[in-house]
Protein chains: 2
Amino acid sequence: MAGIADVARSAGVSKSTASRALTGSGYVSDETRARVRAAASALGYVPTMWAVSLATGRTNTVGVMVPSLDRWFFASVVEGIQSALLTDGYDLVLCCAPPGSDSRRRMFAHSLARKRFDGLIAVGVEPDETEREQLAAFARPIVSVGHDGGAMSISIDDRAAARIATEHLLGLGHTDVVILGGDPDGRRTSVGDGERLLGYRSAMTDAGLGAAARHIPCEVSLPGGYGAAVEMLADRRTRPSALVGVCDEVAVGAMIAARRLGVRVPEHLSVVGIDDHSYADMFALTTLQQRPDEQGRTAARLLLDMLAGEVAPPRHLLEAPRLVVRNSTAAVSDAASAIVGASRRRT
Amino acid sequence: MAGIADVARSAGVSKSTASRALTGSGYVSDETRARVRAAASALGYVPTMWAVSLATGRTNTVGVMVPSLDRWFFASVVEGIQSALLTDGYDLVLCCAPPGSDSRRRMFAHSLARKRFDGLIAVGVEPDETEREQLAAFARPIVSVGHDGGAMSISIDDRAAARIATEHLLGLGHTDVVILGGDPDGRRTSVGDGERLLGYRSAMTDAGLGAAARHIPCEVSLPGGYGAAVEMLADRRTRPSALVGVCDEVAVGAMIAARRLGVRVPEHLSVVGIDDHSYADMFALTTLQQRPDEQGRTAARLLLDMLAGEVAPPRHLLEAPRLVVRNSTAAVSDAASAIVGASRRRT
DNA sequence: TTGTAAGCGTTATCAG
DNA sequence: CTGATAACGCTTACAA
């Protein structure tokens with residue numbers, strides 16, 4: 001409860017000197033500074049942050065908008081942001097609301113307007129028209145993660161990721177490769193799913209397989225991928241020989257579906273995902289790695305730099321995805337022998 | 001950028017009247033109030049929250065401590081809290097750090113001391129001695145979720161949940177049932193894993209099977225459960241006939257391990273979890289349901305009530321777990337025929 | 001019912 | 001190098 005006045009009195013100096021000594025701004029003799037510091041810690045002095053904010057105009061707080069927390073990507077990004085902010089003594093106020101929800105509208109109307117934070121990190125947020133205006137009115141630094149929202153953004157190269165995934169499959173000789181996940185039209189999905197669809201399509205057409213390109217939409221989640229895959233794999237006519245998941249969660253869902261239906265991965269079905277989710281290793285899923293926690297950390301540092309007054313030019317950081325080959329993909333030529341091997345093993 | 005002074009001027013009243021009209025405290029004629037309100041919204045006035053805080057001493061912010069976000073339970077609780085707070089116009093500052101981490105120490109030292117929030121919700125936090133003191137020094141309302149931390153807490157009845165899970169298995173005729181997940185000694189785990197172990201043990205001893213009780217420790221996560229289960233199930237001598245997962249993530253991990261090893265669930269192995277995770281349905285996992293988002297909402301409302309001055313007596317809300325029977329458990333007598341059926345199907 | 005004036009705890013300005 | 005003194009934007013006695 002001790003205020004700076006107490007510290008000043010106890011150190012035998014004025015409030016202003018105490019303030020200078022503590023904040024490190026302005027001239028203070030080393031000796032005085034030491035005395036003030038000692039007094040402060042003796043009294044357990046901690047500046048009252050809202051008083052500081054009122055005086056300085058800065059809040060030492062950044063806002064983080066995110067559609068939900070129960071997806072690995074979002075949770076990891078937020079954790080990354082948190083850890084980077086903590087280092088600089090910044091607090092993080094969470095604004096978590098799914099797009100189109102009532103909460104989301106309130107978030108934008110309410111929290112942004114209060115200018116409660118010095119800057120904002122938007123994770124997987126695709127603002128609609130109204131929201132875009134509100135963001136502009138916010139008039140403070142914004143950096144976005146997971147898509148190309150604002151002037152400043154960080155994400156993996158979603159298109160390249162999907163392209164590489166597809167080409168990996170193509171390179172193994174597959175011709176019937178589908179992409180699983182996302183909305184039917186490939187819009188309104190978060191985290192660059194649209195881009196991923198594009199990457200897939202371009203890889204297919206480049207291989208002269210444009211006509212064979214097939215998008216199986218489904219909710220972007222493990223159960224979502226599972227459900228759609230069960231349906232698709234159950235029917236021999238719709239079953240592809242390879243599949244790229246719009247993200248690992250969907251891909252893993254598909255693998256589980258395959259296992260349940262007795263479709264062996266990778267012998268009968270090759271699967272590749274995008275993300276390198278924490279489950280990927282356990283499922284031996286070949287995938288394109290991204291590091292959401294690192295993206296979060298980078299976003300936070302970028303924002304802090306901007307807040308520190310460094311006028312960085314607008315830029316879009318595109319993390320290059322790295323192909324991690326595990327054991328969910330196989331060449332088509334192997335398929336036949338693998339099947340033979342499998343059935344031999346069974347009998 | 002319009003301040004209350006602008007509103008006052010534009011409405012032709014004094015700052016104090018404007019303030020009263022807007023906050024609703026004190027006498028203002030209806031007519032004046034209307035005029036002020038109009039002026040405020042015309043100017044797009046939004047009170048600067050740190051000025052309000054400085055004047056009132058309240059911050060309209062609550063802190064949420066949580067060990068991590070990438071577990072379903074935590075993420076869901078936080079989402080629940082967020083939604084409840086939003087309704088009351090409260091902001092949520094996130095303090096996310098795993099126990100024992102450097103970040104965690106900073107959180108406690110730094111964020112709590114700044115008295116940055118009016119109250120705190122601790123989710124799955126088991127404070128050590130130092131931390132307990134710091135929490136006490138915080139001197140503001142605290143409610144905890146997921147264990148019996150403070151004066152006010154919310155959780156499911158973990159012990160009952162594990163007991164019911166175990167009894168369900170026992171009732172199906174199983175005698176070799178193990179519990180999977182958590183630390184070797186059953187301590188230092190979050191979310192009441194210790195309690196769950198106790199519930200399991202008491203159910204076993206009550207059934208005269210105390211000597212047969214077996215705890216397989218593992219990291220409380222899907223991969224954790226998977227890894228431990230692979231090891232345990234691979235050896236016929238260590239393979240139990242039934243298994244209760246300390247939570248659904250572990251249980252699902254075990255089911256995946258079982259599938260991979262050709263151990264059929266429920267024919268060869270019965271599995272029950274605790275949580276009713278979003279994956280539970282897809283795996284047809286029998287489990288004991290809890291609703292973390294509801295717990296979060298309840299916690300938030302409780303805290304807000306306390307902040308509103310309602311002196312609620314300290315209490316520990318124990319949500320009763322509900323058994324959701326799906327398809328991961330079977331009676332032992334069925335096992336033999338099931339195995340026969342299965343092998344017949346294979347040949 | 002309304003206005004005046006005094007804070008709330010810091011920082012920032014500007015003389016000393 | 002240090003110390004008064006004035007902000008910061010709002011609320012709240014207290015007086016009118």
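First the proteins, then the strands, lettered A, B, ... as listed; each starts at 1.
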### Query
Given side chains that start at C-beta, do those of Glu79(B) and Ser68(A) come closer than 4.5 Å, heavy atoms only?
yes

### Task
Can you tell me which residue pairs pass the salt bridge (charged side-chain N to carboxylate O under 4.0 Å, His left out) test with a partner in residues 33-45 of chain A, sequence neighbours excluded?
Glu31(A)-Arg35(A)

#### Entry: Whether Asp6(A) side chain and Gly3(A) backbone form a donor-acceptor pair below 3.5 Å
yes

### DNA chain D: 5'-most and 3'-most nucleotides touching chain A, 4.0 angstrom heavy-atom criterion
dC1(D) to dG9(D)

### Query
Salt bridge check: are Arg106(A) and Asp102(A) linked by an N-O gap of less than 4.0 Å?
yes

Check: protein-nucleotides 10-12 of chain C nitrogen or oxygen pairs below 3.5 Å:
from, atom 1, to, atom 2, distance (Å)
dT10(C), OP1, Tyr45(A), OH, 3.4
dT10(C), OP1, Thr48(A), N, 3.4
dT10(C), OP2, Ile4(A), N, 2.6
dT10(C), O5', Tyr45(A), OH, 3.2
dT10(C), O4, Lys15(A), NZ, 3.3
dT11(C), OP2, Ser19(A), OG, 2.6

### Message
Strictly below 4.0 Å, N to O, side chains only: are Glu131(B) and Arg105(B) in salt-bridge contact?
### Response
no

### Query
Does Val13(B) offer a backbone N or O that forms a donor-acceptor pair with the side chain of Thr17(B) under 3.5 Å?
no

### Query
When you measure from the side chain of Arg297(A) to the backbone N and O of Ile81(A), does any donor-acceptor pair fall under 3.5 Å?
no

### Message
Suppose we screen for side chain to side chain donor-acceptor pair (under 3.5 Å). Which residues come up paired with Gln134(A), at least two apart in sequence or across chains?
### Response
none

### Message
Filter on ring pair (Phe, Tyr, Trp, His ring centres under 6.0 Å), then keep only pairs touching residues 16-64 of chain B, sequence neighbours left out; what's left?
### Response
none

### Message
Within the 4.0 Å heavy-atom criterion, would you say Thr32(B) contacts the bases, only the backbone, or no part of the nucleic acid?
### Response
sugar-phosphate

### Query
Of Glu31(A) and Leu54(A), whose closest DNA chain D nucleotide lies nearer the 5' terminus?
Glu31(A)

### Task
Have a look at the helix from dT1(C)-dA16(D) to dG16(C)-dC1(D) and give the angle its two end axes make, five pairs each, rounded to 10 degrees.
40°

### Task
Decide if the gap between the ring center of Phe138(B) and the ring center of Phe117(B) is smaller than 6.0 angstrom.
yes

